[in-house]
Amino acid sequence: MHYRFEKDMSACGLTGFINRDRKRVDGEAIMSSICNMDERSNGQGGGFAAYGIYPEHKDDYAFHMLYTDIDAKEITEKYLDRHFLIIEDGELPTRKTAGIVDPPVIWRYFLNVDEEVLHMNACDEEDYVVEAVMYINAEIPGAFVMSSGKNMGAFKAVGFPGAVGRFYKLDEYKAWTWIAHGRFPTNTPGWWGGAHPFTLLDWSIVHNGEISSYGINKRYLEMFGYKATLMTDTEVTAYLFDMLLRRHKLSIEVATMAIAAPFWSQIDHLPDGERKALTALRQVYGSGLLNGPFAFILGHKDGMVGINDRIKLRPLVAAEQGNTLYVANEEAAIREIASPDRVWMPTAGEPVIANLKPEKDSIKEKTSCIKV
Amino acid sequence: MDYVIIGNSAAGIGAVEGIRQVDQTGSIAIISDEPHHTYSRPLISYYLGGKVEQHNMYFRPKTFYRDYDVEPMLGNPVTVIDAAGHTVTVAGKKIKYGKLLVATGGSPFVPPIENLAGSDVFTFTKWDDAKALAKAAEKAERAVVIGGGLIGLKATEGLLNLGLNVTVVELADRVLSTILDEKASQIFGTHLKSLGVTLITGDTAAAVNRDGEGSVTGVTLKGGNTVEADVVVVAIGVVPNTVLADTAKVKKERGIIVDEHLMTSAKDIYAAGDCVETFDILRHIRRPQPIWPNAYEQGRTAGINMAGQPLAYKGSFGMNSIEVKGLPTITVGMYDAVGPEYEILAKSDAESLTYKKVIIHNDRLVGAVFVNDIDRAGIMTGLIKDQVNVKAFKHDLISDNFGYAVFPEALRKERLSS
Amino acid sequence: MATKAKTTKKRRRVQADEKVCIGCKLCEVACIVAHSKSKNIIRAFNEETPRALSRVLVEESKPLTFALQCRHCDDPPCAVACMTGALRKDPETGAVLHDREKCVGCWMCVMVCPYGGIQRDMREGKAASKCDLCLELDEPACVAACPNAALFVVEDED
Amino acid sequence: MHKSLIKAEFQVQRDDYKCIRCRVCERQCSFEVHSYDADADRMFEDEMKCVGCQRCVEYCPTRALTIQPHPSTIRPHGNWPYRAVKDICKQAETGGMLLSSTGDELGHRIYWDHLVLNASQVTNPSIDPLREPMELRTFIGRKPDQVDVRLVNGKPVLKTELPPQLTLETPMMFGAMSYGAISYNVCQSLARAATASGTMYNTGEGGLHRDFYQYGPNTIVQCASGRFGVHREYLNAGAAVEIKVGQGAKPGIGGHVPGEKVDKEISITRMIPVGTDALSPAPHHDIYSIEDLRQLIYALKEAVEYKKPVGVKIAAVHNAAAIASGIVRAGADFVTLDGLRGGTGAAPTRTRDSVGMPIELALAAVDQRLREEGIRNNASLIVAGGFRNSTDVVKAIALGADAVYIGTAALISLGCTVCQKCYTGKCPWGITTQDPYLTKRVNPEIGTQRLTNLLRAWSLEIKEILGGMGINAIESLRGNRLHLRAIGLNERELDVLGVMHAGE
């Protein structure tokens, strides 16, 4: 029944960094950083998201898929074949790693959407992709979309994050944005799909905390066609961003004003224009307000955002070295991989936002390291 | 002395308090022929009857003169006022005054009665009268009181309390004829008789009868009858005491004439209390109105004026509260009126001896009489005093639960707001 | 110097709001108890005879009801009329107080009080009876007892 | 005249030792139960007249009185309790419909009592409302699905004009009770308390007394089938307009204020002659269909120049969900649902007790239906009908309500003991009466304070519960059924309510 589910509740560690100049680095740094916070996870899940990893396929949707059985793969591929142009597919590279047991079938597809189909369905391309992801996750038993964005990918598994990184050979990818997560679930045994990050299109999110408003956030998003099937509040956060940023075209700054809204006591004292704007955001997006303790990092194609809940019930620290911005639960996780010029504690609800420079300004890279 | 006050009763004390409201420092002397600390004359009947002890005769504390910084000169009368010289003479000594108040009160009126002089015959206006009468009463069994007015009946009450048989002789056809209408008098008379008082009306004493030793044996009435008695009280009334004022040659008629600031015809000489005539605001005439509250009020007003703060005295009207042995009676303003311009509302109950009457003129109350049920009579006094239009609730005036609840809202609020 | 000479302008009284006086007369009950010997409501009513008098009177002309008691006037006519000195305005509290021991029950005060705020108390001899503002209590008993906050103490000072 | 077979419902016991014959009971009883016999110096009671309002008990200064259900009883019977027998006797004697006041008293399942709330433990911290902000501010009105806010020089700027909204500082309002049903003093108390508490009160269908225009910013004015006191100025005096179609206590039934209650002030306010019965027809005679309703909604919006929300109130009936959907689509800015337990000044007993449904089920169904149709944002959902405490309110909000109306609870805070005699006009507590001797019993100063206290107390409790859940803004609870679990409900009930059973 529609109201039946079990919500994810987890503590966790998270870290992430972004080079605004699109200078890419391999996965060693992010692994070191997250491993520094192994205390915060319990081996029930770890995961990464990386942006800029598929320059050769930067215009294709990179679907990272998990299949718990081969039937699911077959059904899914039939579905994909029917709805997409499959540019390329193959097993996502992994290596046998201690601490990673019983892996599912992990497959990668580079997909494109037929313009004709979109035209026939009178559908926005990204909505079309979202619908497909929703369908696969909800309707095909044993199939799970790990990520579905362009020039990015999510890598997640049950295990400590370091092991997960080795398993997926992250040392072989190069990315300008890396985010990572180590999980400490309290209520459900870890499963591969339940590890972070959660993604939709090129949104990826790692999350530390519990969203007490989950019940209404979920019902709210359902009204707009989102199907929260994964029983986690991280998922609704990802969808919420998708709706606010992509569909409603709000800027990241404004979207964070809605989901981690300032208190009325602050809003009421603002000048008229700001007060009106923030009031309207709360009036309209009240059901999207994220309530409860959280810190999360959102990765997307143009940048990265770190944010805390409105009363900072979870730790979040930010740092900068050159043009690289770091966000993590703990300062040590940053100092493990950088010697920052500046370290600060964002206040409750205050987003730390980094945007990539437009592509033309970014440093040209000579080669791709991806071995597909 | 800045201020000299002759008289140590209600008007005199009122004057002291009035002066001190305005002038905290001026010197004041108060002179009285009586030697007592200021006491309440109306209490003498209670004293006589043993209802009030000596220490309660004083209506101001023992410290009064000190508190108000007054020099009391008691026990000697003022013999002469020298208006031109601004002096008064006491015991042969001249005292200079800045302002003078004459508050010499009233004197008992004693008609010509044969054989009056001698022992066992008393008037009844001063404490010493009461003391003497009480002493005489100790060995007396029967008393005759000549006069059925206020003083006579209060004396009667005192004598009754001492266990004497009392006969009241009243010239008029009823008791209290100067303050009560016929109906109320009749109720009062019935009450007196029920107390064992012998009431003789329409007659008065022609002669006091004495035995060979000069002791009183009774009185012979004009009508020829004889009443046996051991003591005689002459209590016909009081008249303004103007003897002293005459020495200053101030204008007088029945009483001393004063202006609205209570000053006599002589500069710096004021007069107040039972010795003066004041304006009766209901009857629109000047007359002596010898009652306690009026005396005090006049004294206080005179004091304020003497101290240099002009304050007009608007006049007053008669009112009396008298209770003789459990029958309280209050009359305010007019107690009787004849003529088409007066509207009279009354009700009575013979069994409970209650009686209520109001007299209305031009929709204003001008008089009220209450016998027995007197509890909220003061409201009526207020209405009379302020000449409030009572048209809207006229018929409630004599109802059993008369009170502010029957007033029109605006009037009620106005009168209760203060 | 003549310290007591100047009369006080301090004034304190219990005022009723007739808009919310519900005519329950609990003020009268409380007044009786407060002026009883035992200060116990059941004894005051059922055992003390004669019963203490209420110094507050609820006037009624339905639907109108309001409680009324001594207004503790600036220049109290009752004190002017009192020939015994039993009634006086207390300069400290502004209350018009009555000394039962001095009173002889001449009813001059009853005659002159424009509010009808003084009653005759015929218990143990006769004497006037009037609101004393319950000066020994934190607030007048009637005010404390009013269930609808229709009674309150008004205080003004010169 | 034959003997009445109706028995006394209450027994009046007087402790003669404690009784002081002060006659306060006699003066306080508007049903004339108590009387004093001066000759015997005794108080007597006519128990037949006692309605059990407890006024005398409360006012007796010696607490000499006890009023309790009359102990004499007929033989107990499962199908024939005394209530049933009494009703039959009454009807046999009068030949009339039975009238009652307040809401359903049969005790249909109160779902609130079968719902329990959640709290945080370990994985997410609870929040201490004494130390952290806890927000109850609520907006009533149509919201767009999205809003355009842009950053200009780093500051957010609103580019979308929002429809009018009511701002409530707490998600509780005072429900519709008309001047006529309740007294002037009670209206005033409600208006002032709503103003002091930053919320609204509702005029009901009695119009708005001129004296209360000053509380307009905290007033929801009602437009009901009788159209009493409805004119342009009235509509614009309030902060919002509510079209009343139905009332939870008497769905499908009109209203009736008897002529005796229509005094001069009510006559002026309602715009009807003094002494005439104020009859509200069962339907609005200009609304026989949803499209008619739409016309009225927009007529009213025109009248208030689209500056105030216009909503529609319906009784919770079987197809409330569909009706509510229609109302939202017809343009209403808010929908008010009034449940079976909602109060009334007068209703046929049978209707009161058996027509409609509990608000919990209606609310759950309507909220879900509007969400399924994707129009939940298009209108606010206000619910009413017997809210007794702050947890009822919290549960309603978790089920999906934007705000609740409290009516009976508000009156109880003013003294109402639910004696159910409102329709007699003799309310001994001075609440549902126009008798000037009785209306004084509510002192508006005290009334305002008590109502304000009630809202404050409930708000504090709501904050405490929210904090316990780890939530610091009411909007994160609204429709958040995850914080509800049921106890002892069957599968169908769980399904309608959209909640899991405790333990799941």
(message) Any salt bridge linking B/Arg300 with C/Asp75? Criterion: basic side-chain nitrogen under 4.0 Å from a carboxylate oxygen.
(response) yes

(message) Non-hydrogen contacts under 4.5 angstrom with chain C: give the residues of residues 324-331 of chain B involved, or none if there are none.
(response) B/Pro328, B/Ile330, B/Thr331

(message) I need the contact set between residues 376-383 of chain B and chain C: heavy-atom distance under 4.5 Å, sorted by residue number.
(response) B/Arg376, B/Ala377, B/Gly378, B/Ile379, B/Thr381, B/Gly382

Quick check: closest heavy atoms across [X] and [Y], and the distance to 0.1 Å?
X        : Y        : answer
B/Ala405 : C/Ser61  : O-CB, 3.6 Å
C/Arg120 : B/Asn372 : NH2-O, 3.2 Å
C/Met108 : B/Pro293 : CE-CD, 3.2 Å

Whether over 12 other heavy atoms sit under 6.0 Å from [X] [atom1]:
X        : atom1 : result
C/Lys102 : NZ    : yes
C/Glu136 : CD    : yes
B/Lys314 : NZ    : no
C/Arg43  : CZ    : no
C/Lys19  : NZ    : no

What option among [options] has the most heavy-atom pairs under 4.5 Å with chain C?
options                           : answer
B/Gly14, B/Ser9, B/Ala10, B/Pro42 : B/Pro42
B/Ile374, B/Val52, B/Asn320       : B/Ile374
B/Ala368, B/Ser40, B/Pro61        : B/Ser40

Do the side chains of [Y] and [X] get nearer than 4.5 Å, heavy atoms only?
X        : Y        : result
C/Phe66  : B/Arg412 : yes
C/Glu101 : B/Asn56  : yes
C/Met83  : B/Tyr46  : yes

Name the region of [X], side chain, backbone, both or neither, that has any atom closer than 4.5 Å to a heavy atom of chain B.
X        : answer
C/Leu57  : side chain
C/Cys82  : backbone
C/Glu18  : side chain
C/Cys113 : backbone

Identify which part of [X] has an atom lying under 4.5 Å from any heavy atom of chain C, answering side chain, backbone, both or neither.
X        : answer
B/Tyr39  : neither
B/Glu409 : side chain
B/Arg41  : neither

(message) Can you tell me how far apart CG (B/Leu416) and CD (C/Glu59) are? Round to the nearest 0.5 Å.
(response) 7.5 Å

(request) Please round to the nearest 0.5 Å and tell me the distance separating atom OH of B/Tyr404 and atom OH of C/Tyr115. (result) 6.5 Å

(request) Under the salt bridge (charged side-chain N to carboxylate O under 4.0 Å, His left out) rule, collect the residues that match up with C/Lys37, sequence neighbours excluded. (result) C/Glu124

(request) Using the side-chain hydrogen bond (donor to acceptor under 3.5 Å, both in side chains) rule, collect all pairs that involve residues 104-114 of chain C, keeping only residues at least two apart or in two chains. (result) B/Glu323-C/Trp107

